[in-house]
2 protein chains.
Amino acid sequence: MEQTVETARSEFIEKLGLIMQTEGLPRTAGRIMGLLVWEGTPVAFCDLATELQISRGSVSTATRLLEDKFMIKRVTKAGERQDYFQLAPKSYETMVSDLSRQFRRKSDDLRSTLDDVPECAADIRARVNGYADMLSSLSEKIGELAREMD
Amino acid sequence: MEQTVETARSEFIEKLGLIMQTEGLPRTAGRIMGLLVWEGTPVAFCDLATELQISRGSVSTATRLLEDKFMIKRVTKAGERQDYFQLAPKSYETMVSDLSRQFRRKSDDLRSTLDDVPECAADIRARVNGYADMLSSLSEKIGELAREMD
DNA sequence: TGTTTCGTTCAGTACGAAGTAAACATTCCA
DNA sequence: TGGAATGTTTACTTCGTACTGAACGAAACA
C-alpha cells in the first residue's frame, strides 16, 4: 500500500518534469518543483540530488533558476549548514502572471515590426495586428486570472 | 522606402519563427506561418522553400504539421500543378483552443497521479490539486477567450 | 511511353540544450 | 591552521530535435 504512494510520488514528479519542460524550463527544474510540491516542507539541497538522482551541479543551477523566477525559496535551518528549499509563497500566482507577461512581450515584439510599414499597406498591418491581438488577448485573460488568484 | 518594408517583412517572419518555437513548434513552421500571415494570399510550395531558404523536405514536413493542426490550409489552383498554402480559416481561434486543451490535458494528467493516494494523505492531495487547479483555471480562461473569438 | 514536375520519405548530419564530474571557493568546526 | 562540508562554476559529454539532400513515388504532359 505504501508502495503505491511511492509510485504515485515519483510519477507525479516525473510528470511535472515533462510538463514544465513544455513550458520551456529544464526538466530537472520541473522535477525539483514536483518534489517540493509533493513534500510541502523544506527539502535539503543534498536530498534533492540523491532523491532525484542528479548531480549537485544540476541541483545548483536548477534551484538558482527557480529562485530567480520566484518559484521556490531558499531557506536555512538554525544549526544546519545545508540549504533547504520550499515552494515560494504565491508561486502559482507568480507563474501565471509570468505567463501573462510572456504573451504581452511577444505581442509587443510582433507589433513593433510594423513601425516601418507605411499606412498604405493597411492589409498587411491588419493581419500582423490580428496575430498580435491574439497574443495580447491571451496576456490579458491570463493576467486577469493571476489577479484572481490571491 | 520599399527596402524598409522588406526588412520589416523578414523581421516579422523571423520573430514569429522564434515565438512559435517557444510554443513547441519547429522554427521553420513558425516562419512559414509568418510568411503566410504577412502575405495573406496563397503562397506556392516552392516559393516557401526559396523565400525562406529551406529545403523542400523541410517545407513538406512543416506544412504537414501545420495542416494537421488546422493552422494552414493547402489549396490548389486550376491549371497549376504546385500546391499553395494559406492561413486556415479561424486559425487563431484554433491555436487558442488548442492551447486551452493542452492545459486541460496537463491538469488531468497530474490529477490522475492521485488515484492511488489514500484519503488520509489529505495534505499531499491538496498540494497536487493546487497545481492542477492552476492548470485547469488557465485552460478555462483560455477556452473562454477562444469562444469569444469567432 | 518516356520525361518532367511535384511532394514525400528517410538516412545522415549539425546544432543546441541539459546534465555530469571535477576543480574551485567559501564557510564552519576541531 | 587544517580539514571537512557545502554550493558554484566550468569544460566536456550526451541526447534529442530539426534540417538537409537524395532517393523515391505519383501525377501531368508531350
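Letters A, B, ... are given to chains in the order of the sequence lines, protein chains preceding strands, and every chain is numbered from 1. Hydrogens, waters and symmetry mates are skipped; everything else that's a heavy atom, side chains included, is used.
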- Task: Please indicate whether B:Lys73 has more than 12 foreign heavy atoms, meaning atoms of other residues, nucleotides or ligands, lying under 6.0 Å from its NZ.
- Result: no
- Task: Could you check how far CD of A:Gln82 sits from P of C:dT26, rounded to whole Å?
- Result: 20 Å
- Task: With B:Lys106 as the cation and B:Phe103 as the aromatic partner, state whether NZ or CZ is under 6.0 Å from the six-membered ring centre and within 45° of the axis.
- Result: yes
Using a cut-off of less than 4.0 Å, is there contact between a side-chain N or O of [X] and OP1 or OP2 of [N]?
X       : N      : result
A:Arg27 : D:dC15 : no
B:Arg31 : D:dA18 : no
B:Ser60 : C:dG7  : no
B:Thr28 : D:dC19 : yes
B:Ser55 : D:dG21 : no

- Item | Linked, directly or transitively: B:Leu87 and B:Tyr84 (ILVMFWY side chains, under 4.5 Å) | no
- Message: Quick check: any donor-acceptor pair below 3.5 Å linking the side-chain of A:Arg81 to the base of C:dT27?
- Response: yes
- Item | Residues from residues 46-53 of chain B lying under 4.0 Å of DNA chain D - heavy atoms | B:Gln53
- Query: Given the rule in the side-chain hydrogen bond (donor to acceptor under 3.5 Å, both in side chains) test, do A:Ser112 and B:Lys15 qualify, once you have shown the distances and angles that lead to the verdict?
  - Reply: CA-CA 11 Å; A:Ser112 75; B:Lys15 278 181 184 175; 3.1 Å; yes
